[in-house]
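In what follows, chains carry the letters A, B, and so on, assigned in the order in which the sequence lines appear, proteins first and then strands, with residues in each chain numbered from 1.
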Amino acid sequence: MEMFDQLFSLLGATIRMATPLIFAAMAGIFSERSGIIDISLEGKMLMSAFAAAVVSYETGSPIFGLGAALFISMMLSLLHGYASITQKGNQTISGLAVNFLASGLTVTLGHAWYSQGGLTPALKNEQRFTAIDLPGAEWMGENIPVLGSFYERVLSGHNILVYLAFVAAAVSFWVLFRSRFGLRLRATGEEPNAVDSAGISVAWVRYRAILIAGSLAGFAGAYLSIAQNASFIREMTSGRGYIALAAVIFGKWHPRGALLACLLFGFLQALETRMQNVELPLVGELPTQLFSAIPYIITVVLLAGFIGKAIAPKAIGRPYVKER
Amino acid sequence: MTPAIELSSINKQFGPVWANRDIDLKIMPGTIHGIVGENGAGKSTLMSILYGFYTADSGDIHVNGRKVTIRNSHHAIDLGIGMVHQHFMLVETFTVLENIMLGMEGGSLLFKARSRARKALEEITEKYGLNVDPDALVGELPVGLQQRVEILKALYRGAKVLILDEPTSVLTPQETGQLFEILRTLRSQGVTVLIITHKLKEIMAITDNVSVMRGGCMVAHRQTSETSTTELAELMVGRTVLLQVDKEVAVPGRTRLKVEGLSYTDERGVKRLKDVSFHVRAGEILGLAGVTGNGQSELMKVLAGSLPQDSGSFTLDTSNGVYTFNVNDYRDAAMMRDCSVGHVPENRLVQGVVKSFPASENAILGYQNKEEYGSPLLDPAKIVAATEEMMEAYDVRPRLPGLKTANFSGGNQQKLVLAREMMKEPELLLIGQPTRGVDIGAIEAIHRNLIDARDKGAAVLLVSVELDEIMSLSDRIIVMNDGMITGEVNAADTNEMELGLLMTSTNRKDDEAMATAVETPKAEAVA
Amino acid sequence: MNPVMAESPAWVRVALIPFLQLVLALAISSLVVLIIGEDPIHAFQVMIRGATNTDFGGISNTLYYATNFIFTGLAVAVAFHAGLFNIGGEGQVYVAGLAVALLCLALDSTLNAWFMAPLIIIGTALFGAIWGAVPGYLQARRGSHIVVTTIMFNYIAMAFMSYMLVEYISKLGGNSTDSRYWNAEAVIPKMHEISSSFPYSLLNPTILLALGVSAAVWVLIWRTRLGFAIRTVGSNPEAAKYAGIDAGRIIIITMAISGALAGMMAVNEVYAAQSRLILNFPNGAGFMGIAVALMGRNHPVGIVFAALLFGAMNQGGTELQFEIPSISPQVVLVIQALVVFFTGALDQLLRGPIENWFQRRAIARSQQAAAQG
């Protein structure tokens with residue numbers, strides 16, 4: 001039983017680690033499926049984590065904090081969109097600029113407002129999204145073997161945003177593949193000419209896509225600062241935006257694939273903390289750095305076509321200009 | 001009778017360029033109306049205005065007698081105008097059905113939209129006899145069927161007027177025939193068809209009326225039955241074309257290029273060259289005739305060293321020695337140039353120049369490794385001097401070697417490429433569409449230069465879709481169709497009819513397979 | 001009829017427009033300072049004084065930072081010329097730091113600076129080149145996108161270097177995340193150690209290397225056949241093929257050069273200035289190279305000036321915290337971000353109208369001249 005308990009708490013941790021990645025990966029899918037490269041996931045997450053922490057602290061309400069996170073992340077999306085859709089600028093450069101801006105602004109403002117070197121003050125529990133125990137979790141964990149433990153440790157005990165992340169993945173799939181908007185969005189990322197000639201505004205589809213991406217990245221950021229942690233910490237995203245991007249590629253720009261990739265990457269993160277000073281048979285102690293590098297390494301390997309092939313949406317990265 | 005479409009005094013400028021100037025046009029309902037003109041005559045711009053891609057700077061549009069302002073393509077669709085673009089506007093990862101309903105889903109949920117669209121599509125296919133499997137992935141369909149999807153898309157949107165922009169440029173002759181059959185059916189069902197092309201034969205074959213454009217202006221309207229290709233050609237170019245080029249009888253020397261059994265399959269698995277064999281001798285011009293897209297481009301690329309063949313070989317015999325290039329032999333374009341092969345690519349404004357470079361750097365593109373341009377570093381003074389010489393010899397204007405190439409007109413960029421390739425006096429010259437996009441005045445000079453090169457002993461392989469050009473310049477002519485050489489004739493003893501037959505000669509298994517596939521697309525998709 | 005489309009004058013394109021873009025970036029940064037409740041004019045005064053004073057090493061440290069940015073800026077620019085966006089400068093610098101560590105740990109007790117310095121230069125360039133060439137290879141031969149691969153390589157470098165530092169290098173002396181100091185005999189002296197007329201600073205002769213490399217890059221891009229090939233591949237890959245240039249090979253070579261340039265920043269930072277390998281020492285300098293290259297229009301001269309500017313901002317930023325404690329030195333990142341926006345993604349915002357205006361003026365003039373002539 002002990003073994004199951006450990007395995008299940010590892011899976012529970014996996015889900016918690018995967019949550020921000022899932023939100024951000026879904027954001028990336030919306031943006032990239034519409035043809036806009038989203039390097040700026042990292043910056044949007046960082047900025048919204050900051051906004052969530054500040055507003056939660058100042059108002060005492062995590063709901064307001066979440067709202068602020070969504071708002072600020074969508075504003076960054078609009079900035080990215082203005083540069084890459086309206087001004088037809090280089091999307092990679094624009095995305096990087098958003099990331100630099102977020103790095104600079106969060107520390108500058110945090111430092112000025114709270115004088116803690118960029119940190120925000122610690123949040124009290126009622127200023128955060130805290131874990132929810134599903135009904136009967138503890139009882140089942142103690143009385144029903146295996147399944148009860150699974151219920152208690154994997155399904156129960158997460159905050160509301162964790163559950164929302166899975167809802168977001170399902171809704172993303174539904175919107176992209178079952179709705180008219182999704183059809184148009186996917187067409188825009190593949191063949192914007194077809195969309196334009198069908199009388200649909202390419203720019204408007206793309207703006208909506210990146211606004212959705214912005215709001216999803218906002219959830220991811222808020223999760224980091226007001227759910228998983230209890231304050232904003234400098235550079236607290238630490239590359240999660242890029243891991244999410246890797247998950248998008250790994251999942252071949254499909255919500256189902258990306259969700260699985262996020263869970264895999266989340267599992268690696270959960271494992272990282274548990275593998276410290278653990279001697280494994282044959283290989284001995286694995287360096288923790290290996291776990292943090294694996295998502296990047298396998299993405300490189302995948303992109304290089306050594307295992308399968310990731311084919312990006314055809315029109316990605318190209319500003320839409322009407323053909324003469 | 002009210003015209004289906006009436007344009008009056010349409011003007012459109014792009015910067016300083018008049019794309020359309022004072023255009024008048026009447027299209028009668030239930031007819032097939034052709035618009036001809038050379039590349040850049042303003043046909044596509046005019047159609048884009050009609051389809052709402054661009055708005056005219058001034059002028060009126062009437063649709064069925066009602067004055068309208070077409071704001072965007074959505075609006076054009078509402079007015080019953082549909083368009084089949086030269087480059088298909090299809091999402092290759094979508095099915096036929098999804099492509100057809102895109103933008104006309106009629107509801108925010110896809111599953112409802114799909115079944116509705118499927119029903120409507122069945123009605124249309126029945127009415128017009130256009131069969132396509134609605135669940136096939138568009139990217140996996142042959143080009144002819146993709147075009148059919150485009151037509152279906154327009155009809156699904158309720159098009160009463162169908163505009164086709166250069167519809168046959170990507171089609172095989174069989175597919176062209178099938179397309180014309182479809183267009184006739186559409187006409188019989190009351191659809192008005194507007195077809196843009198620069199191929200006069202097609203105009204004569206399919207249209208009821210024809211309008212001619214030149215340099216952004218509408219120069220004539222004719223009833224097709226009352227005009228001829230000669231008259232249309234004259235109207236297109238604005239004066240009687242001098243078909244005859246003065247030249248001496250060729251004195252061919254030894255064989256410079258020998259091609260044996262060359263085959264090439266592209267990355268999509270389509271066989272582009274099938275067992276091609278021929279030779280070109282020093283001091284002769286060999287014309288290669290054929291409809292665009294029948295393997296000429298690939299042949300030139302293989303010979304220029306930038307595509308590897310799958311089988312067969314070719315042998316170069318120049319003053320640098322005799323070299324045979326077999327399947328796996330390494331070669332690149334620089335190596336060919338070292339063997340004294342000059343290459344003027346057909347799409348030279350894309351391939352032949354780097355637009356952001358100054359003219360002087362484009363004047364050495366491909367020859368940049370030659371020591372005459374400085375050693376060990378490139379010497380700008382030497383490069384500029386060489387450029388000035390080229391500009392002088394080929395009358396490139398303005399004579400500014402330092403000016404960014406993009407700032408020269410297309411015709412002058414072409415002249416620079418021609419100068420670069422021809423002034424090296426290559427022993428074998430590969431030249432594609434030598435006069436495409438060149439102004440009339442320069443055509444004669446270019447023809448003269450080609451003859452001169454021949455007379456100096458160069459072997460010239462000339463690819464052109466203009467039969468007149470091929471016939472007047474070449475000494476011998478070979479004809480390609482579907483990747484094969486379908487015949488060889490003496491330029492002096494042939495005529496357009498014979499060449500036309502060779503260009504479309506069809507008695508091969510592939511074609512039969514294609515024909516059956518087209519007739520039963522459903523079966524093919526299921527299999 | 002005049003077939004020539006007039007170009008706007010060079011000084012407009014390479015000087016006026018970047019200057020106005022910078023002004024715009026600074027103006028918006030001032031808003032941030034205002035939001036914090038400080039006086040932006042005062043803040044800029046402090047920054048300028050901090051970056052240009054001669055008594056406390058202001059100008060020297062500006063030059064020291066600029067040295068880093070010249071290397072990373074050139075790295076980005078060379079790749080740009082081949083149409084490649086190398087975001088991996090950060091990782092290439094980081095890995096090159098390992099070359100310094102390996103060489104110094106192995107040889108700093110046997111070799112003096114005269115022998116050590118050339119080895120260090122070669123070592124950093126080599127390590128950086130490898131870390132750049134692999135993504136180049138993956139793009140050229142395996143079709144992976146260079147942007148994504150170089151990002152991933154940054155993080156792989158972070159994990160790898162952190163492992164090397166924590167597990168091996170720090171255990172040979174030094175703290176848990178740093179190496180020991182290199183033997184002073186084996187390290188080139190800093191300027192203030194060479195001559196007492198220099199104030200104390202981290203500035204060292206590596207800046208001369210940076211300037212020399214800038215000149216070499218200019219020759220490479222505009223005078224060598226390799227540079228011709230690089231620019232052809234970057235501007236028109238089809239034309240490159242037509243000209244007999246193997247684009248794949250050029251991409252790999254260019255990325256190796258780009259990585260080598262970035263790697264050489266470790267000469268300044270790890271070998272000379274800090275004299276030890278510190279965890280996360282690149283500290284964003286690799287990314288700063290993007291802003292520097294964009295602002296400098298990918299030209300070595302422009303890059304040197306842009307690097308000076310960003311060096312000054314970095315140095316001025318560190319001075320800020322002493323005079324105006326509420327402004328974090330990280331505000332420089334905000335300026336950097338805005339510069340990247342206005343010179344990169346939103347380049348046309350100012351450039352379009354300004355160049356148009358000059359073009360129209362030139363056309364009007366030539367028409368006037370034609371009418372009179």
Side-chain angles (χ1 to χ4, degrees), chain B residues 15-17 300-301 304-307 330-338 341 343-345 347-357 361-362 364-371 373-380 383 396-398 400 402-412 417 420-421, chain C residues 1-10 13-14 80-83 143 215-250 297-299 352 355-360 362-364 366-367 369-370:
Chain B
V17 182
M300 293 294 253
K301 281 188 177 169
S306 50
L307 267 190
Y330 180 82
R331 88 290 303 264
D332 59 34
M335 197 184 260
M336 293 300 160
R337 285 200 179 82
D338 289 341
V341 176
H343 179 205
V344 180
N347 54 346
R348 47 201 155 260
L349 296 188
V350 180
Q351 270 186 19
V353 291
V354 181
K355 302 225 173 186
S356 57
F357 281 10
E361 291 195 317
N362 277 312
I364 65 165
L365 184 72
Y367 301 93
Q368 70 273 10
N369 292 334
K370 295 240 179 297
E371 253 182 47
Y373 299 124
S375 178
L377 297 180
L378 292 168
D379 182 345
I383 296 170
V396 180
R397 291 183 211 190
L400 294 174
L403 186 67
K404 201 159 93 171
T405 307
N407 289 339
F408 287 85
S409 70
N412 279 299
V417 176
R420 176 183 72 206
E421 298 302 321
Chain C
M1 184 181 134
N2 181 11
V4 191
M5 292 184 3
E7 284 174 34
S8 49
R13 278 178 284 136
V14 305
F80 261 139
H81 279 291
V217 166
W218 183 84
V219 172
L220 168 75
I221 296 294
W222 281 284
R223 285 294 177 271
T224 67
R225 292 176 159 85
L226 176 60
F228 187 93
I230 288 174
R231 287 183 293 122
T232 306
V233 169
S235 315
N236 185 346
E238 267 202 76
K241 189 163 195 192
Y242 162 79
I245 298 166
D246 178 351
R249 191 173 144 260
I250 296 295
R297 310 280 305 153
N298 299 319
H299 192 288
E355 288 200 353
N356 273 344
W357 187 82
F358 278 97
Q359 268 170 19
R360 270 203 305 275
I363 289 171
S366 68
Q367 279 170 351

Is any side-chain heavy atom of C/Tyr242 closer than 4.5 Å to a side-chain heavy atom of B/Ser306?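 C/Tyr242 does not reach B/Ser306 side chain to side chain.
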
Contact class of B/Arg337 relative to chain C, heavy atoms under 4.5 angstrom: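 Side chain of B/Arg337 only, per the 4.5 Å heavy-atom cut-off to chain C.
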
Given that the side chain runs from C-beta out, which part of B/Lys355 has a heavy atom under 4.5 Å from chain C: side chain, backbone, both or neither?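 Contact with chain C is absent: no heavy atom of B/Lys355 under 4.5 Å.
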
Quick one: does C/Arg225's side chain have a donor or acceptor within less than 3.5 Å of a partner on B/Gln368's backbone?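 Confirmed, C/Arg225 side chain pairs with B/Gln368 backbone.
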
Indicate yes or no for a side-chain donor-acceptor contact from C/Asn236 to the backbone of B/Val353 under 3.5 Å, with no hydrogens or angles considered.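 Confirmed, C/Asn236 side chain pairs with B/Val353 backbone.
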
Nearest 0.5 Å please: distance from the CZ atom of C/Arg223 over to the CG atom of B/Asp379.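 Answer rounded to 0.5 Å: 8.0 Å.
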
May I ask you to name which of B/Asn347, B/Asn362, B/Leu365, B/Ile364 has the most heavy-atom pairs under 4.5 Å with chain C?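 Looking at each option in turn, the highest pair count goes to B/Leu365.
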
Going through the checks in order, is the side-chain contact (heavy atoms from CB on, under 4.5 Å) test met by C/Thr224 and B/Leu378? CA-CA 6 Å; C/Thr224 67; B/Leu378 292 168; over 6 Å; no

List in chain and number order the residues that pass side-chain hydrogen bond (donor to acceptor under 3.5 Å, both in side chains) with C/Arg231, two or more places apart in sequence or in another chain; answer none if no residue qualifies.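 For C/Arg231, the residues satisfying side-chain hydrogen bond (donor to acceptor under 3.5 Å, both in side chains) (neighbours in sequence not counted) are B/Glu361.
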
Heavy atoms only, distances under 4.5 angstrom: which of C/Ala239, C/Ala229, C/Gly227, C/Pro237 has the most pairs with chain B? Name it, please.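 Option with the greatest count: C/Ala239.
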
Where do C/Ala243 and B/Ala333 come nearest, in terms of heavy atoms and distance?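 Heavy atoms of C/Ala243 and B/Ala333 come nearest at C-CB, 4.1 Å.
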
Tell me, please, which residues at least two apart from B/Ser356 pass side-chain contact (heavy atoms from CB on, under 4.5 Å).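 With sequence neighbours excluded, B/Ser356 shows a side-chain contact (heavy atoms from CB on, under 4.5 Å) to B/Val354, C/Ser235, given in chain and number order.
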
So that I know where these two stand, are C/Phe228 and B/Phe357 an aromatic pair - ring centroids less than 6.0 Å apart?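 Between B/Phe357 and C/Phe228, which both carry aromatic rings, the centre distance is below 6.0 Å.
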
